[in-house]
Structures are given as structure tokens and as C-alpha cells.
Protein chains: 2
Amino acid sequence: MVGYSTVTQTTSPQERPARRKRMSREARERQMLAVAEEVFADHGYRAASMEEIAERCGVSKPMLYEYFGSKDGLLLACLTRARAELHDVTAAAMAEGTDPMDTLTRGLIAYYSFTDSHRRSFELLKNEAAGLPYAAAEAVEEARRQQHNLIAPILAQWAPGIGDIEIEAYTEIIIGACERVSLWCTVRDVTPEDAARYTIDFCWGGLQALYERGNVTA
Amino acid sequence: MVGYSTVTQTTSPQERPARRKRMSREARERQMLAVAEEVFADHGYRAASMEEIAERCGVSKPMLYEYFGSKDGLLLACLTRARAELHDVTAAAMAEGTDPMDTLTRGLIAYYSFTDSHRRSFELLKNEAAGLPYAAAEAVEEARRQQHNLIAPILAQWAPGIGDIEIEAYTEIIIGACERVSLWCTVRDVTPEDAARYTIDFCWGGLQALYERGNVTA
DNA sequence: TCGGTAACTTACCCGAGGTAACTTACTGGC
DNA sequence: GCCAGTAAGTTACCTCGGGTAAGTTACCGA
């Protein structure tokens, strides 16, 4: 009844520690992070239980608390690690750029590649599916679809010769831009009218216009 | 001990129903939605408790469950209402547009005005502060700051004559666009390279280029 | 070989979401 | 005016998962 049994502990099939074994703090911590990321991605933050993460590590719950303090702390550690990785990858890619456009392009490809290969984790975050009930995330996505349906026809009418996939891409770009700008302008105390102007200016002329303006004025 | 006392029930000070009173289902439902939106905005979804929402309504917890089924259901109802409102406002504004650019501009102003005036609710959603621990939202925001610091200097170097606030605005636009595109391209199965191309094309030439291309090709 | 420490455990607490069963006030028909 | 029927409301409870206290065992260096 006391002490712990030496039961054979199966974590995920591909991982080796079939028999519960003591590990150094750092090793255990790395393992926990990896497992946590997986479980969070699988069920979403809310639905993920500390119990399950602990179990998959072949360890009991209090160990998680020993190392990460709380469920929030564990998520935070996952995020911090992922963020560092994303930053390293994109910054490295951009460092090879020869001119501004090239640098930007390299950065974008690195970014999209990273988010693509870590797709499960990023769906969890970018999407607010993380901490919100599934239905809520769905409702927000529906709001975006509505916006999509307001914007896409305009672009299509505007430039009839363009392919559907590009219309879609550009529509998504505008929607994403709007969301970020709406947040930014409350922080920076920018009026809705100015925000709309910046957005329109950018969407209309793009960086090319910015370049010309910038280098004429300068 | 049985039945409920006729204790004077104070909800929020500015609201009138000082004395607990029976209400029709629709009236109670509307009140609950309003209170819930406020409480969710105040504490975030996670930290908000059904108990508090019920209390502020001057009613007991099971009533909330009677009307909305669950905490998730309550949030969902709030979202659905807000989404409908946002859609109505922007669609109405756009209906008055005379040409594509004008329509887009009107839509943007309506959108930014709406999110600005409902700022508290939208911080809760747009930000993932909703269901995630505060520290986690902070960590994601930090990731965006890193991206900002990668992109802004390029734009500044690229167009030296442009004001700082515009650089900031454009940087945020690009960041928002990237997030949305990264999600979109996993759904539509677009390669990172194509995604980068769409993004760059849009950012470089903007809609103007799209227009010219579209109407020459057509 | 032996003690100290760091990796681990069991067994518990508590708070918040959620529910069953019961009570009370309003409503329309006689 | 009275009296059912029902819709609005209640209390008292359950459960599950995050979080903790106190104790146990394996490893390592002297």
C-alpha cells in the first residue's frame, strides 16, 4: 500500500521508457514539455488534464507541479519554447536575405513552413480553440466566414481576371490584417478612421507605393 | 429554511431591479446575456464563474443552466449575438458604398468603430486571453513583438521617409495577414511557398496591381 | 557502507461546473 | 373570487480536475 509499485509503464508506443525509471531533472523536464505539447494539441488546453500528461510521462501528478508550478505554468513553458524556436528559425532565414523583399520572402517561407509543420500546436493557439469551448471557436470562425463573404465578391468584381484561390488568399489577408489592426489601434489610441486609412493605403498601393512615397519624400 | 427569502438583492448599482422579481423568460434571457458579456469581459472566460453571473442577475445558478445549458452555451449565445450585430453593422455600412474602394472603406470604418466601442468584449476574443491564462496570452503577444521587431526595421530601411506610426500600422497588418494565411493554407492545403508568394504579391503591389492584372488578363 | 538529497509516491483538499428534487408566484378559466 | 397548472425560482447535493502535504525510495559521493 505504501511506496510505489514497479508496474510496467507504457507511455506513447514510440517512446522507450517502457519501465518506469528515475530521470534527471532536465531530462524529465524536456520529456514533460514534449508530452504536454502533444496533449494540449490533442485535446486543447482546457480539456487536457494534468493527470493524463503525468500518466503519459509515466510519472505522478505532483511531479508536474514540482517542475512547472501549475497547469498555466506548464502551458507557458511550452509556449516559451515554441516561441523561441519560431523566432530562431525565421530570424536565421531572414539573415540570409540580400535585399528587403528577399529578406521578407525568406522570412515568410520560414514562418509558413514552421507553422505548417507544427500545425497541430498552432491550430491550438492561433485559433482560440485553445482555451475556449469548441463551439465558441466555431462561432468566431463563422464570423470570419461572414466577413469573407462580404469582401471576396468585391475583389472578384474588382478584378475579374484573377483566380479564385488568389481571391481567397487576399480576402484572408485582409481579414487577418483587420483583426490585428483593430487590436493595435485600441492600444495606440488610433481612431477608426485613421485605422481604415492605413489599411486602405496598404491594401491599395502595397509596399511598392510605400517605397516610392518614402524615397521621394526623403 | 425552505423556499427563498425576500432579501433585497442588489445587482450592479446602476441597474434597477433592486428587489428580486420574477421576469418573463425572454426578459431574463436578455438580462443574463448582457450580464454574462460584462462578466466574461471583466475576468475572461475562464475566470468568470457561473455563480457570479447568476448573483449579478439576482438569480440562482440553475436558472442559467435552465436557459443556456452550460457555461459554454452561455458564451456561445453571447458570441452569436455579438456576431450578428457586427455583421449587421458592417453589411449596412457597405451597402451604401458607390464603388469597390468606397465600399471597402465604409466597411472598414464600421468594423473598426464597432470593435473600438465594444473593446472590452473584443479584447477577450481576438486576443486569446479568453480561455487562456493571462500569462499565456502575454507570451503569444511577446511572440508578435518579436515578429514586429523583425519586420519593422526592414520597412523603415525600405522607405526612410515614412512616419513611425505608419511603419507600425503596416507591420501589424503584415503580422495579422501572416497569422490568418498560415491557418488558411493548412485548410486549403497550400504550400508554404505559394502562401509566401500570395502574401508578397499582395504586400508588394496591393489591390492596385491586382486590379491592373485582373483587367488586362480579362 | 552509509547518509543525504533529489526524484518520486499516495492520499487528500477545495472550488467550480452541473443536476435532482422541491417551492412559490403568476395566469386564465370557472 | 378561487383554484389548478405551469413556469420561474430555490436549496442541497454530486463530480471531476487543479493543486498540496507528508511521507518513501533510489541513487551518489565520501
Side-chain angles (χ1 to χ4, degrees), chain A residues 1-9 11 17 19-32 35-36 39-40 43-77 131-136, chain B residues 1-9 11 17 19-32 35-36 39-40 43-77 131-136:
Chain A
M1 210 53 120
V2 232
Y4 37 92
S5 56
T6 18
V7 163
T8 310
Q9 181 66 32
T11 56
R19 183 167 281 273
R20 183 180 299 182
K21 192 67 186 18
R22 291 210 165 187
M23 293 171 74
S24 76
R25 186 179 186 118
E26 302 91 88
R28 189 61 91 188
E29 216 170 293
R30 268 197 307 276
Q31 182 211 17
M32 283 172 173
V35 170
V39 175
F40 285 150
H43 310 312
Y45 177 70
R46 249 186 15 141
S49 87
M50 293 296 268
E51 194 66 52
E52 182 182 345
I53 297 173
E55 228 166 65
R56 282 216 223 171
C57 290
V59 115
S60 68
K61 215 171 36 159
M63 290 307 296
L64 285 174
Y65 288 92
E66 173 82 21
Y67 289 155
F68 298 100
S70 65
K71 192 182 182 184
D72 290 10
L74 181 54
L75 175 65
L76 188 59
L132 254 38
Y134 174 76
Chain B
M1 211 53 119
V2 229
Y4 35 94
S5 57
T6 19
V7 163
T8 309
Q9 180 66 31
T11 56
R19 184 168 281 275
R20 181 181 300 181
K21 190 72 186 20
R22 290 210 167 190
M23 293 172 73
S24 75
R25 186 178 183 118
E26 302 90 271
R28 190 59 92 188
E29 216 169 294
R30 269 197 306 276
Q31 183 211 18
M32 284 171 172
V35 170
V39 175
F40 285 151
H43 310 313
Y45 178 71
R46 250 188 12 144
S49 88
M50 293 297 267
E51 193 67 52
E52 182 183 343
I53 296 173
E55 228 166 65
R56 282 216 224 172
C57 291
V59 112
S60 69
K61 214 172 36 160
M63 290 307 296
L64 285 174
Y65 287 92
E66 173 82 20
Y67 288 155
F68 298 100
S70 66
K71 192 182 183 185
D72 291 9
L74 181 53
L75 175 65
L76 188 59
L132 252 39
Y134 175 77

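In this text, all values refer to a predicted model and were calculated from it rather than measured experimentally. Each chain gets a letter, A, B and so on, in the order the sequences are listed, and its residues count up from 1. Just so it is clear, the values below take in all heavy atoms, side chains as well, and ignore hydrogens, waters and symmetry mates.
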Asker: The side chain of B:P62 lies closest to which of these nucleotides: D:dT11, D:dA8, C:dA6?
Answerer: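 The listed nucleotide nearest to B:P62's side chain is D:dT11.
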
Asker: Could you give the CZ-to-C1' distance, from A:R25 to D:dA26, as a whole number of Å?
Answerer: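 Taking atom C1' of D:dA26 as the reference, CZ of A:R25 is at 17 Å.
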
Asker: Ion pair present between A:E26 and A:R30, side-chain N to carboxylate O less than 4.0 angstrom?
Answerer: no

Asker: Under 4.0 Å from OP1 or OP2 of D:dA7: is there any side-chain N or O of B:R28 that close?
Answerer: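 Answer no for this pair, as no side-chain N or O of B:R28 is under 4.0 Å from OP1 or OP2.
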
Asker: Among the candidates D:dA8, D:dT10, C:dA7, find the nucleotide nearest to the side-chain atoms of B:V59.
Answerer: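 Nearest to the side-chain atoms of B:V59, counting from C-beta on, is D:dT10.
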
Asker: Please name all residues satisfying side-chain hydrogen bond (donor to acceptor under 3.5 Å, both in side chains) with B:E66, sequence neighbours left out, ordered by chain then number.
Answerer: none

Asker: Would you tabulate the nitrogen or oxygen pairs shorter than 3.5 Å linking the protein to nucleotides 14-18 of chain C?
Answerer:
residue, atom, partner, partner atom, Å
C:dG17, OP1, B:A48, O, 3.3
C:dG17, OP1, B:K71, NZ, 3.0
C:dG17, OP2, B:M50, N, 3.1
C:dG17, N7, B:K61, NZ, 3.4
C:dG18, OP2, B:Y65, OH, 3.4
C:dG18, OP2, B:K71, N, 2.8
C:dG18, N7, B:K61, NZ, 2.9
C:dG18, O6, B:K61, NZ, 2.8

Asker: Round to the nearest Å and state the distance from A:Q31 atom CD to C:dC8 atom C1'.
Answerer: 13 Å

Asker: Between C:dT9 atom P and A:M63 atom CE, what is the distance in whole Å?
Answerer: 7 Å

Asker: Whole angstroms only, please: what is the CG-P distance between B:L64 and C:dT19?
Answerer: 13 Å

Asker: My understanding is that only one of B:M63, B:Q31, B:E52 makes a side chain to side chain contact (heavy atoms under 4.5 Å, CB included) with B:C57; could you say which?
Answerer: B:Q31

Asker: Figure out the CD/P separation between A:E29 and C:dA6, and round it to whole Å.
Answerer: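 The distance from CD of A:E29 to P of C:dA6 comes to 15 Å, rounded to the nearest Å.
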
Asker: Would you give the length of the straight line joining atom OH of B:Y65 to atom CG of B:L74, rounded to the nearest 0.5 angstrom?
Answerer: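 Reported value, rounded in 0.5 Å steps: 9.0 Å.
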
Asker: So which heavy atom on A:S60 is nearest to which on A:A54, and how close?
Answerer: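 Scanning both residues, the minimum pair turns out to be C-CB, 3.8 Å.
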
Asker: Starting at CE of B:M23 and ending at C1' of C:dC26, how long is that distance when rounded to a whole Å?
Answerer: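 It works out to 15 Å between those atoms.
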
Asker: To the nearest angstrom, how far is A:E66 atom CD from D:dG23 atom P?
Answerer: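 It is 17 Å, rounded to the nearest whole Å.
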
Asker: Using atom types as modelled and distance alone, determine if a side-chain donor or acceptor of A:Y45 lies under 3.5 Å from a backbone N or O of A:D72.
Answerer: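 A pair under 3.5 Å: yes.
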
Asker: Could you check which of D:dT10, C:dA7, D:dA8 has an atom nearest any side-chain atom of B:Y67?
Answerer: D:dA8

Asker: Tell me whether the NZ or CZ atom of A:K71 lies within the 45° cone about the ring axis of A:F40 and under 6.0 Å from its centre.
Answerer: no

